[in-house]
Structures are given as structure tokens and as C-alpha cells.
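So you know, we letter chains A, B, ... as the sequences are listed, proteins then strands, and number each from 1. Please read all numbers here as calculations on a predicted model, not as lab measurements.
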2 protein chains.
Amino acid sequence: MSKVFRAIADPTRRRVLEILRSGPMSAGELSAQFEFAKPTMSAHFAVLKEADLVEAHKDGKQVIYQLKLSVLEDALLGFARVFQLGQAVGSQPSNEDEEETRL
Amino acid sequence: MSKVFRAIADPTRRRVLEILRSGPMSAGELSAQFEFAKPTMSAHFAVLKEADLVEAHKDGKQVIYQLKLSVLEDALLGFARVFQLGQAVGSQPSNEDEEETRL
DNA sequence: TCTATAATTAGCTAAATGACTAAATGATGT
DNA sequence: ACATCATTTAGTCATTTAGCTAATTATAGA
């Protein structure tokens, strides 16, 4: 959970995720959308992968990154539920105060 | 937005927020719930305040911290909307793809 | 096999983070 | 005025972060 929030705390990484919303894309194509050096972007991809927010698979010499929406959803809605935020609260089975949901 | 996510990326700060869910509390009482030194906790409070997630007001010699749920809500739901996550998406007036919601 | 391309790893720097102790500030009560 | 209590500020340290360039790995194609 910390990893997910840490990952999306960076605006560059949020933009990467948003780009991936429209479908999988190679590391090179992704990097081309930014002014940073490619190794810098590669490091950002690694952080996103570490947080399990994206999936990578090789296709020839390219590496294709794909958004894992479900992980983002789980983290955000899970957190939101603890704080009883939004109508989303009721839309998911909730542990309520049963034990003290792990943060 | 970055500040909010950066703030909640730390488990100690998430726990502070969760404690404040049940109502305002003084810096000292809050600190007592953790093993860290008080100045360390004070720094965490400062980060939360900087992210506008809590409000502080003095009461005698104590400083009372209070959760600002609405800011948390705006950040999380705003972000979730961009990714069309959860049922919460439809529950808020949305800019859709009108312009490219600022991340 | 050689060359070119895609991406990551290695190694560096500057700045930010999260912890600590000691000192300073501010408010109350004697 | 003084002592005490609550909190923050100052200063230090180790670690992490985010950027860079140069070097490496891995694949494809000639």
C-alpha cells in the first residue's frame, strides 16, 4: 500500500499511468512523451512495476508496459473505505471496524 | 495532489490520519500512540498540515489536530475519476475528457 | 558475424526524507 | 519572576530519491 501511494506521489509516474490508460505501450514510446533521459524513465517504470501498478512483457527488443488497473483500484478504494469516503464505500464488502484494517 | 499522496505514502502518517478519524486530538496524545520521539512526530504532523490533510489550532499550551476529510476525499476521488475507478466515478460531476484533467 | 536498436544497469551528484538529541518557544500556574 | 509543561525548531546523520552520462545486455537484421 505504501508502495502504491509512493509511486503515484510523483507527477511523472502519474502521467505514465494516465498514458497507459489508453492501452499498453513500449518503454521507448512512453519515454518519448517526456523530456527526461531514457534511463530516468526506466527507473520510473521500475518503481511502478515494484508497486505492481504495471506489468511488463518483452516483445522482440521492446518492453511493453501495461496498466494494472485492479491494483490501483484496490489501493484507492481500500484506503477510501477506511475513511468512509465517497459513495464507493458501500460498493465493496467492508470489514468495518471489525478488527482495525491494516494500513 | 502530489503532496497528498506523498503524505499518505508513509504508514505512520496514515495511522495518524486514521486516529484522527475519531475526532480531534492534541499533538501530545497523538504522539503517545507511537514509539517515535516527539519531534519526529511533530515533523509528520507538519507534512500532513502542508498537504492540507489536517488543521491545527492552539488550545492553551496544546496544539489540537483535526482531520480534513474533504481534502482527502477530493484527492482520492479526483484521482479515481481520471482512471474511471469504482462506482464513485459517476457520483461526482466529472470533466470527462473535456480538457485533460490536471494530474 | 557484425551492426544497429531498445532497454536496463552502473555509477555519480544534489536534494529530500525520516529518525535522533538538545535547545528554543509559548502558555499556565505559583 | 520563575518553574513547568507542550510543542516546535535547529542541527546532525544515514538513507532514499530523482536526475544525469556511460556502459552493458539482448534482440533483430544485413
Quiz prompt | Short side-chain N/O contact from A:T40 to OP1 or OP2 of D:dA18, under 4.0 Å | solution =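 Answer is no, no contact under 4.0 Å.
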Quiz item: Between A:H44 and D:dT17, is there a side-chain N or O to OP1/OP2 distance below 4.0 Å?
Solution: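 No, outside the criterion.
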[X] has an atom [atom1]; how far is it from atom [atom2] of [N], in whole Å?
| X | N | atom1 | atom2 | answer |
| --- | --- | --- | --- | --- |
| B:E50 | D:dT9 | CD | P | 12 Å |
| B:R6 | D:dA18 | CZ | P | 10 Å |
| A:Y65 | C:dA7 | OH | C1' | 8 Å |
| A:R13 | D:dT17 | CZ | C1' | 9 Å |
| B:K61 | D:dA3 | NZ | P | 15 Å |
| A:K38 | D:dA23 | NZ | P | 17 Å |
| B:D10 | D:dT17 | CG | P | 12 Å |
| A:K58 | D:dA26 | NZ | P | 8 Å |

Quiz item: Is it true that B:V82 and A:V71 fall in one hydrophobic cluster, defined by side-chain heavy atoms closer than 4.5 Å?
Solution: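 Result: yes, single cluster for both.
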Practice problem: Give a yes or no on whether a salt bridge exists between B:R21 and B:E18, defined as a side-chain N under 4.0 angstrom from a carboxylate O. | Solution: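 A salt bridge links B:R21 with B:E18.
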Quiz prompt | Under 3.5 Å: donor-acceptor pair, side chain of B:R13, backbone of B:A7 | solution =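 Pair found, side chain donor or acceptor close to backbone of B:A7.
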Quiz item: Contact class for B:S26 vs. all strands (heavy atom < 4.0 Å): base, sugar-phosphate, or nothing?
Solution: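 Sugar-phosphate contact only - B:S26 comes under 4.0 Å of backbone atoms but never of a base.
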Quiz item: Checking all strands, does B:A27 fall into the base, sugar-phosphate, or nothing category for heavy-atom contacts under 4.0 angstrom?
Solution: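 Sugar-phosphate: the residue B:A27, judged by heavy atoms under 4.0 Å, touches backbone atoms but no base.
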Practice problem: Look at the aromatic rings of B:F79 and B:F83 and report parallel, tilted or perpendicular, splitting at 30° and 60°. | Solution: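 Aromatic pair B:F79/B:F83 classed tilted.
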Quiz item: When the ring planes of A:F5 and B:F5 are compared, do they come out parallel, tilted or perpendicular, using 30° and 60° as the limits?
Solution: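 Ring orientation, 0 to 90° scale: parallel.
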Nearest to side-chain heavy atoms of [X], which nucleotide of [options]:
| X | options | value |
| --- | --- | --- |
| B:P39 | C:dC20, C:dT9, D:dT9 | D:dT9 |
| A:V63 | D:dT7, C:dA7, C:dC20 | C:dA7 |
| B:Q62 | D:dC20, D:dT7, D:dA18 | D:dT7 |

